[in-house]
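Residue numbering restarts at 1 for every chain, and letters A, B, ... go by the order of the sequence lines. Just the heavy atoms: all of them, side chains too, but no hydrogens, waters or symmetry mates, feed the values below. Worth saying up front: this structure is predicted, and the values here are computed from it rather than measured.
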Amino acid sequence: MTTDTTPTPTPGEDFMAEGSPRQELAVEQVSDTARPDQWWQVIWSSKKARVGVVILAVYVLVAVFAPLIAPQDPLDSSFEPLAGPSAANWLGTTTSGQDIASQLIYGSRISLLVGLFAGLISTVIATVIGLISGYAEGTILDDLLSFVTNVALVIPALPLIITLVAYSEVRGIWLIVGVISITSWAGAARAKRAQIISLRNRDFVTAAKFSGEGTWRIVFREIMPNMTSLVAASFVGAATGAIGAEAGLAALGLGDSQSVSWGTMLYQSNAQGAIAQGLWLWVFVPGLVLAILMTAMTFINFGVDLLSNPHLREDA
Amino acid sequence: LTGCAGSASQKDSKASADGMIDQLTFPSEADAAVGGLVNYNPNSPKPLTATWLYEPLIVRNSLTCEETPWLATKSTWEGGNKLTFDIRDGVKWSDGQAFTAKDVAFTFNLMKQYPAFDKAGVWNNTFGAPAKSVTAQGNQVVFEFTGNAAPKYDGIIATKILPEHVYSKVGDPTKYVDKTPVSTGPYKVGSYNGRRLVLERRADYWQADKVKVQKIVLEGQYDAAQAALKLRAGQLDAYYGEVPNPKKTFVDADPKNNHFYYAPNGMTVLTGNDQQKPFSDVKFREAISYAMNKQDMSLKATYGVMKPASQTGLKLPSMASLVPAKYSGEDTVLPYDLAKANQLLDAAGYKKGADGKRTNPDGSPLSVNFSVQAGFIDYQAIADVVVKGLNDIGVNSKVTASAPDSVDGQKKTGDFQLMLEYLHGGCELAKNIGAKLSSTQIPTKTDIFPNVQRFSDPAVDAAVTKLASDTDKESQKADLAPLVDTMMTKFPVTALIYAPARILYRTDKAVGWPSEDNAYANPQDDKLLVLTHLTAPK
Amino acid sequence: MTYFARKFGFFLATLWAVVTLNFLIPRLQPGDPAEIMVKRLAGKDAALDPAQVKAMRAMLGAPDGSLWNQYVSYLGELVHGNFGLSYTYYPYKVTDVIAQAFWWTVVLVVVTQVVSFVVGIVLGAYAAWRRNSRLDSIVTLGSTFLGTLQPFWIGLLLLYVFGYSLGWFPTSGGYEESTPGFNWPFIQEAVSHSFLPALALLIVTPIGWILGMRNTMIMNLGEDYIRLAKAKGLRDRDVALRYAARNALLPSVTGFALALGGVLGGAILVETVFDYPGLGRLMGEAVQNKDYPLLQTLMLLTTAGVLVANLAADLLYGVLDPRARRAQA
Amino acid sequence: MLDVRDLSVRYEPKASRPLDAVQEVSFGIGPGEFVGLIGESGSGKTTLGTALLRLLQRPGRISGGSITFDGTDITDLPEDDLRALRWRDISTVFQSSMNSLNPVVRVEGQFRDAIEQHSSLRGEAVTRRIRELFEMVIIDPKFMTAFPHELSGGMRQRVNLALALALEPKFILLDEPTTGLDVVVQHSILENVRRLQAEQGFAVLFISHDIGTVLDLSDRILVMYAGRIVEDQSAGALLREPLHPYTKGLLGSYGDPRQETVKITYVPGRPPDLSLPMVGCSFAARCPERIDLCLEQDPPLVPLQGGRAACHVAVLQREEGGAGPHGEPKRGFEGPQFVKTADESRSALTNDVVLSVEGVGKVFERRRGFTVTRTEAVSDVSFDLRRGEVTALVGQSGSGKSTLARMITGVESPTSGRIVFHGPDGDQQVSGFRGRALRDYRSDVQMVFQDPYSSINPAKRLGYVLSRPLANYQGLKGAALRERVMELLERVALTPADRFVNRYGYELSGGQRQRVIIAKALAVEPRIIVADEPISSLDVSIRAEVLELLNDLVKENDVGILYITHDLLSARMLSDEVIVLNNGRVVEQGPTLDVIRAPKDDYTRTLLDAIPNPF
Ligand SMILES: Nc1ncnc2c1ncn2[C@@H]1O[C@H](COP(=O)(O)OP(=O)(O)OP(=O)(O)O)[C@@H](O)[C@H]1O
Ligand SMILES: Nc1ncnc2c1ncn2[C@@H]1O[C@H](COP(=O)(O)OP(=O)(O)OP(=O)(O)O)[C@@H](O)[C@H]1O
Ligand SMILES: [Mg+2]
Ligand SMILES: [Mg+2]
């Protein structure tokens, strides 16, 4: 076959004569490689997150099964005060004769509860406010919500917390949860506002309007599911922060005095001059378990970060 | 421990040959976060020192109620209406001017002009009638009151006397920033750098022979742990704040030199709301008083340092002489006796239900809510023991911790059932145990007065009035008897354990500190008096 | 025109809200300053002497009128720059009191913040550039753990180890024997006294910068302009600094401005542990003593700090990121 | 000069299966040669290019073969030695060169560092050189001190080109340097490239998925499919006698809009998953010419007809006596195609008018500080939209097409003139619609979005996406709703429907996604569909497929379409009437064929010229 026998096809001529219109060739194949990894896979793919999850799981188990694990009732003050470690009191006793090990074990409950609920509430507040104000960017509603957010961001948290705690008659765990939640949402709300502003102009949002969706549905059913990674990250962040805040509050003597938490342990040990008395375990163990829990949470957040920032994924 | 920081205080701290002590270091009295704001005005909320410059008329040891004449050599009551002080001769202000009775009269008259200055309540009707006049007559100062004012005595003798030739020129003394103090006290200001106040001994002090400490350094505010560590390191010679477990924290580190004295200065009492069920019932109050494991409280709240308190409301043994004959020789510390408590409750009609919980005599459920100040660790420890005792005898109770300020609010409104409180064991009996029981001293919406439990009994009120008007020690004892009796039989409040006036001190540089064996002074309040007892160790 | 008016209006509105909250927050707390003051002078479990309380009230001048009247007069005073007399340091003016503490905190906090920012940025950038190296792991893991420690807890630890056990550093206060001012002994003392508090802050603060920098930097390393820079055959150092780090720095710098503004709150605990004569400790004291005038002014200072820092961050972003210069308007 | 031997590149992501993006590729490029590299999205073009530059990043790495440049083997050359080569000898313009300038450094600085790194020029000399380069790519040198974001997309692209030329390299890699640009701009940039290449004689590897452009420019063309080179021929030969069926498919996607009858083909299906082991020819599944051998054996790239090809059929057909059993070699693609004849295009514009645009104008005011900038995006535009007819709106970027679309769909309101909807409730002005009324209006007027990738919510399944308009406008629920969703999927040929209903958008190919979007617009049974550049982001090989679907809709459902595009070929394929827009004004309007065959306006002619015409 030579070139000169093949005429140069002239445009418009029956160049495609052989073609038969609408011939179905292959069945549309749908491969699943394009499917992004599920979020748990992504998180699990990070070694740090795995470590974090395992540590957290241990803490959760300890908290759930505290009554089975703890050798003593954490509030039972019938032991000899200031006893050293022994079979009955693994880490010794406090100045008022309570078992340190049991307090430590039961303390995990408060921290986890506060982390869970304060994290949840503050994330919900932040999400709702951030989403609405971001979606309504440029309107009075946005101005109003941004204003509230800014004020919340600017008000010094500690005096506010102290006031809120002091003002309420009863200092329960729920008060702490509430106070931490309402003082910690503003930053996350801002971040979410920024993200929704960038999402809001995506075509699928306009498309949803053309499907006749109402605003609420667009914000919470169409846009929000696309922010799960940010929401998840802000939840983990908020939970970590809340755990620390609870400990800090308790360590200022503003905690829930009815229940044992690591913060109240720190407070009591510090107030009783445990360092001066050489009661190392009492001071340092709660601080340490707290730091480990928070480190674990931060590690998990590394994993969650991978969701929103795929660039980090090759890391792990 | 090798305390080598801040070593300046150690180098020159060796006792000198003449029994003089070079220097002692105490924590700052100003208790302020920021330094550099100089004010020696003894009536400002935070003078740099309220102890070492201006002096009172008389120092009364609040433990034993013994008086030591100071700027006044003698005081005399004529009835409860007239009080005369003989003013000491030969006292000089630090600027060389002579101190006279006129200065004393000036100081008290200044209070009249500026009520904000009147911490002793001389010119108003708190605890006794207001003054009519305060005049200097020769070397005497005479107070005339519109009525009985005997309970004001403590306040009057403790008032710091100011130099007329300075304070008469400054206008409102409360607004006066006193930067160059002119005072009668044993020390004058050496230097102050915003943090460290160095006081130097005045050679011309009127009792200079008794003052052996050349220099006093006031520096730093410490919490318990820091203070303990500072003390142990020798960077502090005495500390007056609360250090939990002083024996282990401090004394054990160096038993030879480290000591502490937590003198019973008052007592922690269990205060029910006597206007509300069930505490309105004397029998109930009595019964639960036997369910208080005071030994345990002492252990858990104070490491066993403070002893269980006498139900008389008097701090024993220092006030043993005041105990009425009826109870002398008897152990007035109520025993911990659950059986008796149960038995009393049964008898009073608080029946135990099937669940082991008692009900009111009228059958309504009985439950007690215990308000405790969050963050007061010792109170919380006591509260736990109290509640345990109550539950043990079938009185369903629980602790609610609230902010201390909220608890104060409850004291004002009366919106509480049970709380812990302090009964001051001061020498002015009417003002202390008396006020605790008098129905005139029930807190109002705006002010906390001592009768928080809202106990009310006309007979007791009469007895308090009588006691208040009495200036004679012996008859005071007789007047006290009905009050002690009320405490012992009506249980307006239940005494738990003594509350301390504290000192932790070192004896490597100075000896002669007050101690259990030699309680010549309230270690916390009577620092001037203590100073005159300090000498260099042999 | 309207844009600026709007922005300014917002600033004012926020300021007003903050001032109002600052006014309300302390007043909503239960407790009476006079009682508290007397109690603090006498010790926590002493009986309140009503005579003293009365005198103290007379001195502090009990707030008169309804809350509304107080509020109006408070605003009036503020407008005239009159912040009142501190209760605790009566009769000193609040401004005098704050002036005493101000520089301590500013120096401590600014120094530690700047140091941790620089350390954080450098470590973060290096960790990102050498991603997955051993150093990267050490930096990220180590800073994560340290960053979760409670500052006051670290403070106690440092205090005990370096202050008391080893005795290397003084344990409390800002200085000792020297006279504050610009003289060598004082500076020496101030530095040695600030060392432990600064260390406590330095241990916990860089984590945010490290991780933030590392994340943005890694994100930037995937950008095309980095690839192009490499293709241009530039030296690694140039690529890392001029291209990657320069871009990744932007969010951190604005974050830094915000952090500087909000730093006072964080210093309370550490300053208390070390008895450091700064604003944080002062604020703690004001809270405890219900020193309304002081507390209000301190909170105003903090919030104004944050607001100004916000503004500065905005402006700074405009300067640093040329793209923002246009977008901002 | 550049010699690539058996080069393979492998991505080994942590979380998923490793994937060979480039497989045993061999080719060479001589000095001054202009080589094109085409292939559909994901075929490995960029990966290959990046590998040549030794710029692969984790998780990618060169897993085999060698790259020799000017006699130096650079496959494993240490970074330091490589640096000397970079930019002086090999430079590049990236695919997304819009974003490949450092945003925080002025343009000049980005030239300067490259020049100073590799030459002895300093200071003023560098500036002079940069000025020279700017002039070379026809940009005012005053933009030297600008930041990248201050330049338009086209300018940035030119700057990148200038940057690539800065050190007079021997070889430049151009990776889709004009994607995302306007046809007209694209055209002028590529002209520029060609001119400079002729002047300076550097070698080029030009990557594009647009065979038209590549044919226009290149001396020689490499066709890439699924990580392999499947054909390598000179441009002329390729056009005359494409060897590989895939090449034929790509060629077939071009037609001349001026023809009486235009046919364009599309290659159905999607490329294979490169991370799965493959038996046989990777194109076999989509190949209309495949024989059994294709399913068993991987065809090697063998010399054929002066070029090279990797196709069993092509080789067999050209073997001695091979023509018999395997048929004659064919020049065209035998797969599905879309045909439009002149008759079809000439149907009279007689249907009911549904919507009239009457003298519409739109002015945007942007306030920046104290100054207000006014942009007149659209001015005095009038036309009618009818049932069952397609009106094409053509114009280059920024001509106001989307603005018009937004006004018509009620997203924005015009600043002058009016848009009247002739609905069941009489004539209504669109700008008056708010809330409910707007919603109701949209049951009559729907929109098909330009970008099929961003207009399907990535977090929702297709079933949900399609069910929403049905539930909202028709109140369907439960089984009825589901049934209707299935019908819709069938309607747009996503069959079997139950295989798609539970998928996410990202699991589909671009063409499939665009069909979902069309289905969504159809769901409410509108009278008018406004389609804003619905095919511009699709691979050429699947554009025809979407066009055909749209065409069917007009025929079968009697909807009217406003088809917005800058591509006259597709306008010709679909529309009955064309409106040419320039700077917000209508410059020409009339029956499609008339306008395309006999443009009256200069601007229309410019647009026509910009269409790459390989024939
Ligand atoms: N970093 C990566 N990790 C994993 N796979 C990748 C990565 N980069 C590209 N790929 C895969 O390699 C294959 C080739 O991608 P490449 O970008 O080279 O295609 P392309 O031909 O340039 O496509 P386009 O025309 O869209 O630019 C694709 O299947 C892609 O999914
Ligand atoms: N919201 C807006 N504010 C200000 N100017 C705008 C706005 N939207 C569009 N413009 C301007 O109006 C003109 C027309 O834009 P439009 O998006 O309608 O063009 P187009 O023809 O759709 O272009 P493309 O082909 O790039 O999509 C442009 O100059 C654009 O900058
Ligand atoms: Mg590519
Ligand atoms: Mg457009």
Inset, instruction - Using non-hydrogen atoms and a 4.5 Å limit, figure out which bit of D:Thr92 sits close to chain C: side chain, backbone, both or neither. - result: both

Inset, instruction - Go through the atoms of D:Leu167 and report whether side chain, backbone, both or neither lie under 4.5 Å from a heavy atom of chain C. - result: neither

Inset, instruction - Answer yes if the ring centres of D:Phe134 and D:Phe111 are under 6.0 angstrom apart, and no otherwise. - result: yes

Legend entry - Interatomic spacing from CZ in D:Arg129 to CD in D:Glu132 - rounded to 0.5 Å: 5.0 Å

Inset, instruction - Rounded to the nearest 0.5 Å, what's the gap from CG on C:Leu228 to CD on D:Gln110? Could you check? - result: 8.0 Å

Inset, instruction - Describe, in one word, how the ring planes of C:Phe117 and C:Trp209 are oriented to each other, choosing from parallel (under 30°), tilted (30 to 60°) and perpendicular (over 60°). - result: perpendicular

Inset, instruction - Measure C:Asp238 against the heavy atoms of chain D and call it side chain, backbone, both or neither at under 4.5 Å. - result: side chain

